[in-house]
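First the structure, in the form of structure tokens, and then the observations on it.
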Amino acid sequence: MFFPTQFPWAKDQTLGEHLEASGVSRRDFLEFCGQMAVLLGLTEMAAPRVAAALEGVKRPVVIWIQLQECTGCVESVLRSADPSIGDLILNLVSLDYSHTLMAASGTAAEGALAASMKANHGEYLLVVTGSVPLAEDGIYTTIAGRTAKEILLEAAAGAKAVFGVGACAHWGSVQAAKPNPTGAVGIAEVIKDKPVVHLTGCPPIAETVTATLVHYLTFGGIPELDADGRPMFAYGARIHDQCPRRANFDAGQYVEEFDDEAARKGWCLYKVGCKGPATFSPCPIFQWNMKTSWPIGAGHPCIGCTERHFWDTMTPFYNRLPNVAGIGIEQTADTIGAALAVGALAGVAAHATATTVHQIRSRKKAAAAEGAHDGQD
Ligand code: SF4
Ligand code: SF4
């Protein structure tokens, strides 16, 4: 069994008791809860409520299985730039099985998985990274002689909730790119009897995973999802509508080559391939590595890694985004700066407004859930 700190979380201990025993200060815990409340679309004022709910949580058991993937998602989730927050992330759960992180291997590791699934049947949270190869009866990924499909179906059967982390678990990602020789599919193609929460991206932002777990533990359920199973608090808005370079897009100020003056000035990357207009992701708001930066902030176009089939639909990555139905973006970029662009801009603005309204509605729902939770106290 893997314990993230030298202070194992005892089964009947609450999270509050566990953090106190681990030496985590109340100030750090409240700061963490405040950050999570903001990410979830609540206000920082909700931090004490989130803290109160989390403090009373008894050790939730998480089983994390890895199927056909590169381990990048595990790295992303665990390699937080801030050690104290990283500890808190790990302290939120008791990770009973993760074959990358646990000390045990081979028969002992598989025995731990079987024992935890049996002891916590119907109660554990299942986290899955990786796709499921279905071609040739699943022989492209086997662990202890069992195929990824068999392992996933067994683990999902006893899970209280299922969280797919990363683009591979979402739809297959790079393995599913044409011609998809292993027949890779996302986990929701295999798990048909319960909803799967998709925390997608290649890899996803660590805080997206943490905030979703915090939502589950605080409100006792999964957050509102979009039509593709992604939490609205994180994936409810297009990158293009939250991008600090949007003013340059609207003003017709584009980078034409990566080392030109426009690139040095930080202008819009649309003409060098940015897929932000067709990508729903929290990158501009959450950012990466504890808000150090994010791809567009560092001068690189978004490649659309949170969208299905992006290896096929968003490539070549440095080519300008083709026409996107309903957005009219290509026409906008070609005509922008001219008076004739006004109509097309209105189209983009309308789409942006619709997206923003949707996000605001989602955030209002989150706030309402917060209120309902308050009423139960
Ligand atoms: S095209 Fe890309 S860089 Fe330009 S505003 Fe949109 S998201 Fe930002
Ligand atoms: S900016 Fe785009 S490609 Fe980069 S991580 Fe975010 S969603 Fe993925």
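The figures here come from the full heavy-atom set of this structure, side chains too, leaving out hydrogens, waters and symmetry mates. Count residues from 1 along the sequence. Whatever order the structure lists them in is the order used to number ligands and atoms, beginning at 1.
- Of the listed options R320, K275, Q253, R246, R246 places a heavy atom closest to atom 5 (S) of ligand 1.
- Close contacts of ligand 1 with R245, meaning ligand atoms under 4.0 Å from a residue heavy atom, involve 5 (S).
- Salt bridge present: E55 and R26 bring a charged side-chain N and a carboxylate O closer than 4.0 Å.
- The neighbour count for E20 CD, taken as heavy atoms of other residues, nucleotides or ligands under 6.0 Å away, does not exceed 12.
- The six-membered or imidazole ring of W311 lies near that of F317, with a centre-to-centre distance under 6.0 Å.
- From the protein, the heavy atom lying nearest to atom 4 (Fe) of ligand 1 is C268 SG, 2.4 Å.
- Ring-plane geometry between W171 and F310 is classed as perpendicular, the angle between the planes exceeding 60 degrees on a 0 to 90 degree scale with a lower cut at 30.
- In summary, no N, O or S atom of C305 is located under 2.8 Å from atom 2 (Fe) of ligand 2.
- Residue contact check for ligand 2: G201 places no non-hydrogen atom closer than 4.0 Å to it.
- Annotation: atom 8 (Fe) of ligand 1 to nearest protein heavy atom, C243 SG, 2.4 Å.
- For K275 and E307, the salt-bridge test fails: no basic side-chain N is under 4.0 Å from an acidic carboxylate O.
- Between D12 and K58 there is no salt bridge, since none of the side-chain N atoms of the basic residue sits less than 4.0 Å from a carboxylate O of the acidic one.
- C274 lies close to atom 2 (Fe) of ligand 1, since one of its N, O or S atoms is found at a distance under 2.8 Å.
- Under a 4.0 angstrom heavy-atom cut-off, I239 registers as being in contact with ligand 2.
- With ring centers used as reference points, Y318 lies under 6.0 Å from H300.
- Ion pairing of D250 with R246 is present here, as a side-chain N (NZ or NE/NH1/NH2) and a carboxylate O approach within less than 4.0 Å.
- For atom 6 (Fe) of ligand 2, the nearest non-hydrogen atom of the protein is C283 SG, 2.3 Å.
- Within the structure, the closest approach of F310 to ligand 2 does not fall below 4.0 Å when heavy atoms are considered.
- Nearest non-hydrogen protein atom to atom 2 (Fe) of ligand 2 is C302 SG, 2.4 Å.
- Between F29 and F32, the ring-plane angle classifies as parallel under the 30° and 60° cut-offs.
- Atom 7 (S) of ligand 2 has S281 OG, 3.5 Å as its closest protein atom, hydrogens excluded (heavy atom only).
- Using a non-hydrogen distance threshold of 4.0 Å, I296 does not register as a contact of ligand 2.
- The protein heavy atom nearest to atom 3 (S) of ligand 1 is L269 N, 3.4 Å.
- Close approach of ligand 1 to G276 (heavy-atom distance below 4.0 Å) involves ligand atoms 7 (S).
- The minimum heavy-atom distance linking I296 with C274 is given by the pair CD1-SG, 3.7 Å.
- Atom 1 (S) of ligand 2 has as its closest protein heavy atom P295 CG, 3.7 Å.
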